[in-house]
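For reference, the structure is listed below as structure tokens.
Just so we're clear, the structure is a prediction, and the values are computed from it rather than from any experiment. Computation of the quantities below employed the complete heavy-atom set of this structure, encompassing side-chain atoms and omitting hydrogens, waters and symmetry-equivalent molecules.
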Amino acid sequence: QVQLVESGGGLVQAGGSLRLSCAASGRIFSINAMGWYRQAPGKQRELVAAITSGGSTNYADSVKGRFTISRDNAKNTVYLQMSSLKPEDTAVYYCNADLKSGTWSRSRDYWGQGTQVTVSS
């Protein structure tokens with residue numbers, strides 16, 4: 001079994017900062033990309049940021065320059081540092097990992113349970 005456990009969400013005023021963490025645990029052979037998605041009420045889930053095992057990153061245009069994704073491969077953990085937060089960043093944030101659980105396993109996506117981020121104006 002593989003688990004992704006997120007932490008760090010909460011309520012913050014516009015202009016503030018939050019740091020999300022997501023730790024993967026369980027039967028893990030290797031982790032490829034890790035990322036953060038978000039889903040606001042009535043909207044589709046969207047990619048916020050992603051990072052490969054080699055450290056290459058990709059960001060949604062709406063968060064470029066404000067959010068920074070990073071990972072600690074030794075801890076199987078990915079982080080999202082969010083700064084200059086806006087009310088439109090309010091959403092449930094989900095951690096995602098593309099990983100293999102065994103030598104001969106195919107890689108597949110795993111998801112965390114989600115953490116609420118609310119930005120007040």
Side-chain angles (χ1 to χ4, degrees):
Q1 290 283 4
V2 174
Q3 279 190 316
L4 301 183
V5 178
E6 300 126 334
S7 60
L11 173 64
V12 65
Q13 287 188 331
S17 299
L18 281 175
R19 188 191 193 212
L20 305 182
S21 300
C22 171
S25 63
R27 190 179 179 212
I28 298 171
F29 177 74
S30 63
I31 303 178
N32 302 317
M34 301 185 80
W36 291 94
Y37 289 72
R38 67 186 180 188
Q39 187 166 19
K43 295 188 177 181
Q44 289 189 329
R45 190 175 296 189
E46 63 175 358
L47 173 69
V48 176
I51 184 167
T52 68
S53 57
S56 296
T57 58
N58 182 41
Y59 295 93
D61 287 343
S62 59
V63 306
K64 283 180 181 177
R66 300 188 298 121
F67 291 10
T68 302
I69 189 170
S70 61
R71 64 190 279 178
D72 184 333
N73 291 330
K75 296 181 179 180
N76 291 335
T77 299
V78 64
Y79 307 95
L80 186 68
Q81 178 66 48
M82 305 184 292
S83 303
S84 302
L85 282 160
K86 304 175 181 180
E88 50 264 44
D89 294 318
T90 295
V92 178
Y93 284 69
Y94 296 92
C95 174
N96 170 269
D98 174 41
L99 63 86
K100 295 178 63 174
S101 58
T103 306
W104 306 110
S105 301
R106 292 183 177 182
S107 63
R108 52 155 287 193
D109 279 334
Y110 290 84
W111 293 89
Q113 78 285 357
T115 185
Q116 178 70 45
V117 171
T118 302
V119 184
S120 63
S121 57

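- Every residue was checked against the salt bridge (charged side-chain N to carboxylate O under 4.0 Å, His left out) condition with Lys43, not counting sequence neighbours, and none meets it.
- Using cut-offs of 30° and 60° on the angle between ring planes, the pair Phe67 and Tyr93 is tilted.
- Put simply, the residue from Trp36, Tyr110, Trp111 that forms a side-chain contact (heavy atoms from CB on, under 4.5 Å) with Cys95 is Trp36.
- When all heavy atoms are compared, the tightest approach of Ser84 to Arg66 is O-NH1, 2.9 Å.
- Between Tyr37 and the options Glu46, Arg45, Gln44, a side-chain contact (heavy atoms from CB on, under 4.5 Å) holds for only Arg45.
- By the salt bridge (charged side-chain N to carboxylate O under 4.0 Å, His left out) test, Arg19 is found to be paired with no residue, residues two or more places apart in sequence or in another chain being considered.
- Here the closest non-hydrogen pair linking Ala14 and Ser121 is CB-CA, 4.4 Å.
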Please walk me through it: do Lys75 and Ser21 pass side chain to side chain contact (heavy atoms under 4.5 Å, CB included)? CA-CA 11 Å; Lys75 296 181 179 180; Ser21 300; over 6 Å; no
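- Ser53 places no side-chain N or O within 3.5 Å of a backbone atom of Asn32 that could act as its donor or acceptor partner.
- For the pair Val117/Leu20, a side-chain contact is recorded, criterion being any heavy-atom separation below 4.5 Å from C-beta on.
- A salt bridge between Lys64 and Asp61 is present, with a side-chain N of the basic residue lying under 4.0 Å from a carboxylate O of the acidic one.
- Of all non-hydrogen atoms in Val2 and Ser101, the two that sit nearest each other are CG2-CB, 4.4 Å.
- To the nearest 0.5 Å, the span separating CD1 on Ile31 from CD1 on Ile51 amounts to 12.0 Å.
- Take Asn73 and apply the side-chain hydrogen bond (donor to acceptor under 3.5 Å, both in side chains) test, not counting sequence neighbours, and it matches Arg71.
- Asp72 contributes atom CG, which lies 10.0 Å from atom CE of Met34 (distance to the nearest 0.5 angstrom).
- Gly112 and Glu6 get closest at one heavy-atom pair: CA-OE2, 3.4 Å.
- For Arg38 against Asp89, the heavy-atom pair with the smallest separation is NH1-OD1, 3.0 Å.
- For Tyr59 (side chain) and Ile69 (main-chain N/O), a donor-acceptor pair under 3.5 Å exists by modelled atom type.
- Closest approach of Val48 and Val63 over heavy atoms only: O-CG2, 3.6 Å.
- Following chains of ILVMFWY side-chain contacts shorter than 4.5 Å, one cannot reach Tyr79 starting from Met82, and the two form parts of different hydrophobic clusters.
- When hydrophobic clusters are built by joining Ile, Leu, Val, Met, Phe, Trp and Tyr residues whose side-chain heavy atoms come closer than 4.5 Å, directly or via intermediates, Val92 is not grouped with Val78.
- In this structure, Tyr94 is not a member of the same hydrophobic cluster as Leu99, with clusters built from ILVMFWY side-chain heavy atoms closer than 4.5 Å.
- Without hydrogens or angle criteria, Gln1 side chain to Gly26 main chain gives no donor-acceptor distance under 3.5 Å.
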One pair to check against side chain to side chain contact (heavy atoms under 4.5 Å, CB included): Gln116 and Thr90. What are the steps and the verdict? CA-CA 8 Å; Gln116 178 70 45; Thr90 295; 4.0 Å; yes
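- A heavy-atom distance below 4.5 Å is not found between the side chains of Gln113 and Leu4.
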